[in-house]
Amino acid sequence: MDSSLHEVWQAASGNPFHPSISKDSQFYISFLLLLFGIAVTGVFALNRSFASVIALGIPASLAIAFGVVYMFCAVGVYV
């Protein structure tokens with residue numbers, strides 16, 4: 001692991017990064033994820049049982065988390 005920075009840079013140049021969600025659609029996808037997360041959180045608040053934690057609570061929290069991250073990326077704040 002004694003690679004110089006120049007060698008790493010040269011190796012990475014042949015393998016460019018292509019994001020799974022294009023920069024043009026990040027805002028819309030993040031907004032939809034946030035809306036979905038908020039809606040599912042509201043449904044989860046109506047019926048708080050262990051089964052609904054698995055079926056609704058976890059997907060809602062993941063949708064909100066990914067929505068916030070993509071929202072920051074869409075406006076140019078990288079976390």
Side-chain angles (χ1 to χ4, degrees):
M1 296 300 291
D2 289 326
S3 299
S4 68
L5 181 59
H6 182 68
E7 291 173 3
V8 173
W9 185 267
Q10 291 298 324
S13 67
N15 206 6
F17 174 72
H18 298 289
S20 58
I21 298 174
S22 69
K23 187 71 175 168
D24 296 335
S25 62
Q26 281 183 352
F27 179 78
Y28 301 112
I29 290 177
S30 64
F31 190 70
L32 287 175
L33 282 171
L34 285 173
L35 284 179
F36 174 75
I38 290 169
V40 173
T41 301
V43 173
F44 172 67
L46 295 174
N47 180 14
R48 287 190 261 169
S49 66
F50 183 72
S52 67
V53 168
I54 295 170
L56 298 173
I58 294 172
S61 63
L62 288 174
I64 290 173
F66 282 113
V68 168
V69 168
Y70 280 130
M71 187 72 72
F72 280 135
C73 291
V75 296
V77 179
Y78 295 98
V79 290

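Since we're looking at a predicted model, the values are computed, not measured.
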### Partners meeting side chain to side chain donor-acceptor pair (under 3.5 Å) with Ser25 (sequence neighbours left out)
Ser22
### Query
Is there a side-chain contact between Ile64 and Thr41 (heavy atoms, below 4.5 Å)?
yes
### Message
Please determine whether residues Ile38 and Phe27 belong to a single hydrophobic cluster, defined as Ile, Leu, Val, Met, Phe, Trp and Tyr linked transitively by side-chain heavy-atom distances below 4.5 Å.
### Response
no
#### Entry: Same apolar cluster (I L V M F W Y, side chains within < 4.5 Å links), Leu62/Ile29
yes
